[in-house]
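Okay, structure first, notes after.
Values below: all heavy atoms of this structure, side chains included; hydrogens, waters and symmetry mates excluded. None of these values were measured; they are calculated from a predicted model. Chain naming here is simple, since letters A, B, ... match the order of the sequence lines and numbering starts at 1 in each.
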Amino acid sequence: MPHQYPALTTEQKKELQEIAERITAPGKGILAADESTGSMGKRLNPIGVENTEENRRLYRQLLFTADERMDACIGGVIFFHESLYQNTDDGTNFSQLIKDRGIVVGIKVDKGVVPLAGTDGETTTQGLDGLAERCAQYKKDGADFAKWRSVLKISDNTPSELAIMENANVLARYASICQQNGIVPIVEPEILPDGDHDLKRCQYITEKVLSAVYKALSDHHVYLEGTLLKPNMVTPGHSCPQKYTNEEIAMATVTALRRTVPPAVTGVTFLSGGQSEEEASINLNAINTCPLGKPWALTFSYGRALQASALNAWRGERDNEKAAAEEFLKRAEVNGLAAQGKYESTGDSGAAGQSLYVANHAY
Amino acid sequence: MTHQFPALSSGQKRELQEIALRIVTPGKGILAADESVGSMAKRLNQIGVENTEENRRQYRQILFSADDRINSCIGGVIFFHETLYQHADDGTPFVKMIKDRGITVGIKVDKGVVPLAGTNGESTTQGLDGLSERCAQYKKDGANFAKWRCVFKISETTPSKLSIEENANVLARYSSICQQHGIVPIVEPEILSDGDHDLRRCQYVTEKVLAALYKAMSDHHVYLEGTLLKPNMATPGHSCPTKYSAEEVAMATVTALRRTVPPAVTGVTFLSGGQSEEEASVHLNAINNCSLVKPWTLTFSYGRALQVSALKTWRGHKENESAATEQFIKRAEVNGLACQGKYTGGGDSESDQIYVANHAY
């Protein structure tokens, strides 16, 4: 404690901070395309598409080959391991393709949740074994940032102190290892929206969780300027009878962040959870127009909320690829505006308005 | 952890936040006039004045009778217990004098440092016993904020984990109790400037101490918007051979704060430590001009750095009172500019080092 043994050189810190800033440049956010094989099954199933490696490749291809409108609003793409090594029809590596467009390549590195014995169904996340070597390889293969997701759930008994402490610790270990290899860690402590708790409860728990996360990051000597945070917005539970406005959600979210996230953190890239595409955009916009002081970038790292309409439009048909890409670009542009507080919702939703909530979302 | 049992009502939170905002209104800072009897001895000794209750009263009167010029640069005054119940020559209570000018009254509530057994000369701070009742009484007697000082020292083996955790915890307990009584807690985790460590080392230790502090504050359910932080600036140790510019000190200080202090904290009111009056102003100015984003107010809570010239001018003589008050007003105005990044100065003033080795009060 009394002496510093610097974890990073000045150059390493500079590189990390620059990567983080590039990803969250004004008007830009992240496309989370890192669904595991199992998760992709859940996406392809509802649209009647078989979950094969080829179909997964075709699907990611239509996203990654979207036209230049993507470049202005997508700062980074999170890959799943398999996709990092797949190619387009004409043989171009996906990672190279994204990088050449000036978009930063990221990689999901955790290995899923595992149970915490002696708790009420709580989990931690595994994936630390050999992480240093994996990071070094991913860096060579084009990745400049990574993502690791921990999961917490609100109930009468949860999240417990152990769940909070253990997940905060594993996130900090992961972050430390990434930075040693020139990889910006996105830290994702997701608190699920499952339950009937109200907005205040979610805000309270979010504050406790984030406070523990940043203490752990400090203890592990993580360079905050070279990290990003991927939190849940503060929302009521999905079965909460009370309704709240976007402004209330924004105020609760920004307040929770102001009480816990040091200004040195370069950017906050929200997860969309079970929110519909439109909801996720409107809430992000409200967050950016919230009148409280917000010293970090506040943008998106959306999976489902960027892809639901695209998936529906595609339905596995090559003829639908262009239309599907169009749906994706539409959401990307909307969120690019929302990340600047410039999105004026016209109220049309369709697929965009359908809730994407899946009970007990574990992936 | 799973359920919230709100510590404060909305009305209570609002009152606390408003008090904090009022103290750190842009252009304003705090006069720390809370020297204990023992500390006053050290001050008066140096100017050849006997440390009597009457002399202490006369001295504080010099400060408190400053004219309206201080109304725009002093947002709060920290009192010592004795002073809170003293009066001016004409019988006006000091508290009333201060309050009537729109300045917030504060009170030092800790009871000094005590040793932590098994450490290398480290300490914690006592004062929690009956603190609740004392706060209630102070609130009735006109105080709206309080101050509690913990002390850390940098050496080969310190600060230790115990010292950091224990002091963070006691600061959080104190804060929690204050807020229950409508009193804004100023939290002071001072890392002494004793030693030959460089700027980097002080910055590192400051980051560790503040990270622990804000975790403790969260654990104790303290309402951050209704608190103020009184930290040291990040500076090299007093015997460090390397010299640093004001901009380097500012950058190290602001970086440390950015890595640890949540934006919800209403204001940061720096202590001056052993810095000279001018040094403290120049550093504060550089801090406010630092190019990094600074979401909290950054101002002063100075004791010695506001009073040294006044003390030297006074030397206990009634006929010097006016001139002494003038010295105080001068420093107050300079710091009022510095906390807005508008001080263009250097000038004649008390620039001798005010550093006292192993400062313990």
Side-chain angles (χ1 to χ4, degrees), chain A residues 1-6 120 152-165 168 195 197-198 200-205 207-225 227 254-266 292-297, chain B residues 1-6 120 122 152-165 168 191 195 197-198 200-205 207-219 221-225 254-266 292-297:
Chain A
M1 203 65 90
H3 283 272
Q4 182 177 18
Y5 302 95
D120 185 9
L152 296 138
K153 193 171 147 165
I154 299 178
S155 76
D156 276 340
N157 313 311
T158 62
S160 65
E161 275 189 39
L162 171 63
I164 293 176
M165 189 197 63
H197 54 272
D198 63 11
K200 283 265 153 278
R201 183 107 181 272
C202 179
Q203 181 186 332
Y204 172 76
I205 289 179
E207 290 173 13
K208 293 304 183 194
V209 166
L210 291 179
S211 177
V213 167
Y214 283 99
K215 179 58 164 64
L217 288 174
S218 170
D219 290 345
H220 285 262
H221 315 300
V222 176
Y223 175 61
L224 293 186
E225 291 88 334
T227 65
V254 173
T255 300
L257 298 176
R258 279 170 53 78
R259 289 175 178 171
T260 55
V261 183
V265 172
T266 293
L292 302 177
K294 311 177 293 294
W296 345 258
Chain B
M1 201 62 90
T2 54
H3 285 271
Q4 182 177 20
F5 303 96
N120 186 7
E122 294 180 289
F152 301 92
K153 195 169 146 168
I154 299 178
S155 76
E156 286 300 308
T157 52
T158 61
S160 66
K161 183 160 180 269
L162 171 64
S163 159
I164 293 178
E165 283 174 5
I191 301 162
H197 53 273
D198 64 11
R200 286 267 145 272
R201 181 103 180 275
C202 180
Q203 181 187 333
Y204 173 77
V205 172
E207 288 174 13
K208 293 304 183 193
V209 165
L210 292 179
L213 173 65
Y214 284 99
K215 179 58 164 62
M217 298 285 264
S218 170
D219 290 346
H221 314 302
V222 178
Y223 174 61
L224 293 187
E225 292 87 333
V254 173
T255 300
L257 297 176
R258 276 172 53 81
R259 290 175 179 171
T260 55
V261 183
V265 173
T266 293
L292 302 179
V293 170
K294 312 175 292 289
W296 347 256
T297 306

(message) As an exercise, state the distance from OH of B/Y204 to OH of A/Y5, rounded to the nearest 0.5 Å.
(response) 8.5 Å
(message) Looking at every non-hydrogen atom in both residues, tell me the closest pair between B/S155 and A/H3 and how far apart they are.
(response) O-NE2, 4.1 Å
(message) With a 4.5 angstrom heavy-atom cut-off, is it the side chain or the backbone of B/F152 that approaches chain A, or both, or neither?
(response) neither
(message) Quick check for you: among A/S155, A/P6, A/A264, which has the greatest number of heavy-atom pairs under 4.5 Å with chain B?
(response) A/A264
(request) Step by step, work out the side-chain contact (heavy atoms from CB on, under 4.5 Å) result for B/T255 and A/E225. (result) CA-CA 10 Å; B/T255 300; A/E225 291 88 334; 4.0 Å; yes
(request) Just give me the residue among B/L292, B/T157, B/I154, B/V293 that pairs up with chain A most often, heavy atom to heavy atom, under 4.5 Å. (result) B/T157
(message) I need the A/K208 NZ to B/Q4 CD distance, nearest 0.5 Å.
(response) 8.0 Å
(message) Quick check on the interface: out of B/P295, B/P263, B/A211, who has the most heavy-atom pairs with chain A under 4.5 Å?
(response) B/P263
(request) Search all heavy atoms of A/N157 against all heavy atoms of B/T2 and return the closest pair with its distance. (result) C-CG2, 3.2 Å
(message) Quick check on A/H221 against chain B: is it the side chain, the backbone, both or neither that has a heavy atom closer than 4.5 Å?
(response) both
(message) Is A/R259 close to chain B through its backbone or its side chain, or both, or neither, when contacts mean heavy atoms under 4.5 Å?
(response) both
(message) With a 4.5 angstrom heavy-atom cut-off, is it the side chain or the backbone of A/D156 that approaches chain B, or both, or neither?
(response) both
In a table with atom names and distances, give each donor-acceptor pair under 3.5 Å that connects a side chain of residues 210-218 of chain A to protein atoms at least two apart or in another chain.
| unit_1 | atom_1 | unit_2 | atom_2 | d |
| --- | --- | --- | --- | --- |
| A/S211 | OG | B/S218 | OG | 3.2 |
| A/K215 | NZ | A/D219 | OD1 | 2.9 |
| A/K215 | NZ | A/D219 | OD2 | 3.2 |

(message) Pair A/Q4, B/V205 - check side-chain contact (heavy atoms from CB on, under 4.5 Å), show working.
(response) CA-CA 8 Å; A/Q4 182 177 18; B/V205 172; over 6 Å; no
(request) Give, for atom NZ of B/K215 and atom OG1 of A/T260, the distance between the pair rounded to the nearest 0.5 Å. (result) 12.0 Å
(request) Report the distance from atom CG of B/D219 to atom CD of A/E161, rounding to the nearest 0.5 Å. (result) 8.0 Å
(message) Given heavy-atom pairs under 4.5 angstrom as the criterion, report whether the side chain, backbone, both or neither of A/L224 touches chain B.
(response) side chain
